[in-house]
Amino acid sequence: MPRPAAPDLAPAVNEWFADAARPLPWRAAEVSPWAVLVSEFMLQQTQVDRVLPRWEAWIRRWPTPASLAAEPAAEAVRAWDRLGYPRRALWLHRAAVEIVERHGGEVPRGVDELLALQGVGPYTARAVAAFAFGVRVPVVDTNTRRVIARAVDGNAEPAPPSTARDLAAMSALLPESPHEARAFNAAAMELGATVCTARAPQCGVCPVSDRCAWLRAGSPAYDGPRKPKQARFAGSDRQVRGLVMRELRAAHRPVTRAEIMGIWADAVQLERAISGLIADGLAVETGEGMTLPEA
DNA sequence: TAACCGTGGGT
DNA sequence: TACCCAAGGTT
């Protein structure tokens with residue numbers, strides 16, 4: 001399925017990026033691959049502004065994989081605070097252990113080795129390879145998908161994610177030079193995050209507005225398949241799990257059954273949440289009560 | 001593979 | 001208010 005010849009986006013986007021890039025600390029030249037990996041874990045489904053303070057504190061406390069691996073998982077979950085999806089904290093801790101055990105404490109540079117780490121998927125593996133090590137690989141996140149959907153395909157929104165298709169599309173745009181490729185991976189994401197946004201894109205300041213297929217077509221409304229609606233949060237199991245985790249993080253001692261029962265009226269749903277957290281390894285039941293995992 | 005997994009900001 | 005969206009990954 002040949003796609004239409006892609007416009008040459010990289011030079012203009014990279015030129016724009018050189019000036020417009022936000023000074024995010026994990027982009028600084030001196031940050032370690034580990035610090036980049038931590039940022040990528042935290043940024044999974046979580047906005048930059050909420051990540052910044054947690055990342056700073058995390059890197060200060062655990063500057064290497066070994067320093068994190070040496071601590072109980074409970075400390076990672078506490079330091080994660082309210083970033084959400086706390087199993088990411090568990091997975092990051094596990095990944096640190098795997099890096100120590102399998103890679104001598106050094107974050108691996110290859111996509112395959114990175115993919116084998118707990119909690120590292122197609123996006124994170126390539127992001128670390130590209131941004132921490134300068135490897136020339138396509139990196140595709142939700143922002144890049146949207147930029148390509150508009151500028152190349154002429155659609156207001158991307159089709160449902162497909163790793164193979166998305167990577168092929170980005171590969172077709174990626175400059176040959178590793179240096180330029182690395183910049184373009186970051187620049188495409190930045191463009192999607194700050195200009196080519198999901199709502200109210202700022203086409204007036206877009207560096208590729210002169211060759212954007214979507215703009216050229218008159219910015220037609222999206223008519224493809226709708227994304228599945230996210231289930232409502234209020235009253236959900238997610239909310240209950242979050243409340244239980246908040247309690248476990250705050251208490252530096254076992255939380256009794258009676259205390260747990262006080263945080264949600266629906267006992268059946270609360271029991272389901274607790275069982276799920278235990279099954280996920282985010283909580284453990286002891287004779288004294290519930291705690292965060294020490295292992 | 002579709003459903004599940006937190007939390008908060010923007011509109 | 002209610003809904004959409006967010007540097008995804010796992011099962």
Side-chain angles (χ1 to χ4, degrees), chain A residues 17 21-22 24-27 35-55 77 80-92 94-95 114-132 138-147 156-158 160-164 166-167 170 182 184-194 196-202 222 225-249 272-273 275-283:
Chain A
F17 184 64
R22 293 167 293 176
L24 303 179
W26 43 84
R27 286 179 181 156
V36 173
L37 179 64
V38 171
S39 78
E40 297 299 348
F41 263 85
M42 291 184 169
L43 287 163
Q44 291 168 8
Q45 296 286 283
T46 304
Q47 301 91 331
V48 165
D49 288 347
R50 290 205 294 141
V51 165
L52 283 167
R54 292 296 100 224
W55 180 84
V77 173
W80 198 258
D81 197 31
R82 287 186 298 182
L83 282 180
Y85 292 142
R87 40 185 180 191
R88 288 184 294 162
L90 217 50
W91 291 341
L92 180 53
R94 197 169 308 160
L114 287 161
L115 277 173
L117 298 174
Q118 181 65 48
V120 174
Y123 164 75
T124 302
R126 289 175 177 79
V128 171
F131 301 142
V139 181
V140 180
D141 78 328
T142 187
N143 294 302
T144 298
R145 262 194 297 277
R146 186 171 51 250
V147 168
E157 296 178 27
S162 154
T163 300
D166 297 339
L167 290 177
M170 187 59 171
R182 180 185 186 283
F184 184 59
N185 277 318
M189 289 169 59
E190 186 81 347
L191 187 65
T194 64
C196 192
T197 50
R199 277 172 288 184
Q202 302 170 54
Y222 179 69
R226 298 269 44 164
K227 295 184 182 69
K229 284 184 290 281
Q230 199 173 43
R232 79 180 291 105
F233 180 70
S236 67
D237 285 5
R238 282 186 195 183
Q239 182 182 17
V240 181
R241 287 169 56 110
L243 291 172
V244 173
M245 289 305 294
R246 180 184 297 219
E247 199 72 23
L248 296 185
R249 284 194 309 265
R272 186 167 64 237
S275 302
L277 290 172
I278 292 173
D280 290 344
L282 282 165

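Predicted model, so just to flag it, every value in this text is computed and none were measured.
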So what does A:A198 hit on the nucleic acid, given a heavy-atom distance under 4.0 Å: a base, only sugar-phosphate, or nothing? sugar-phosphate
Here the distance between atom C1' of C:dA6 and atom CZ of A:F41, to the nearest Å, is 18 Å
Mind checking if A:R126 touches a base, just sugar-phosphate, or nothing, with heavy atoms under 4.0 Å? nothing
Of A:Q45 and A:D49, the one whose closest DNA chain B nucleotide lies more 5': A:Q45
Any base atoms under 4.0 Å from A:R22, or only sugar-phosphate, or nothing? Heavy atoms, all strands. base
Can a salt bridge be assigned to the pair A:E157 and A:R145 using a cut-off of 4.0 Å between side-chain N and carboxylate O? no
Closest approach to the side chain of A:F233, judged atom by atom: which nucleotide of B:dT7, C:dA7, C:dC4 is it? B:dT7
So what does A:R232 touch, heavy atoms closer than 4.0 Å: a base, only the sugar-phosphate, or nothing? sugar-phosphate
Sugar-phosphate, base or nothing in reach of A:G84, heavy atoms under 4.0 Å: base
DNA chain B nearest-nucleotide lookup for A:R246 and A:P228: closer to the 5′ end is A:P228
Using a heavy-atom cut-off of under 4.0 Å over every strand shown, decide if A:R50 touches base, sugar-phosphate, or nothing. base
For the side chain of A:R199, starting at C-beta, report the closest nucleotide among C:dA7, C:dG9, B:dG10. B:dG10
Closest nucleotide among C:dT10, C:dA7, C:dG8 to the A:Y85 side chain: C:dG8
Under 4.0 Å between a side-chain N or O of A:R82 and OP1 or OP2 of B:dG8? yes
Under 4.0 angstrom, heavy atoms only, what part of the nucleic acid is A:T46 near: base, sugar-phosphate, or nothing? base
Between A:T124 and C:dG8, is there a side-chain N or O to OP1/OP2 distance below 4.0 Å? no
What contact category does A:L24 fall into here, base, sugar-phosphate, or nothing, at under 4.0 angstrom with non-hydrogen atoms? base
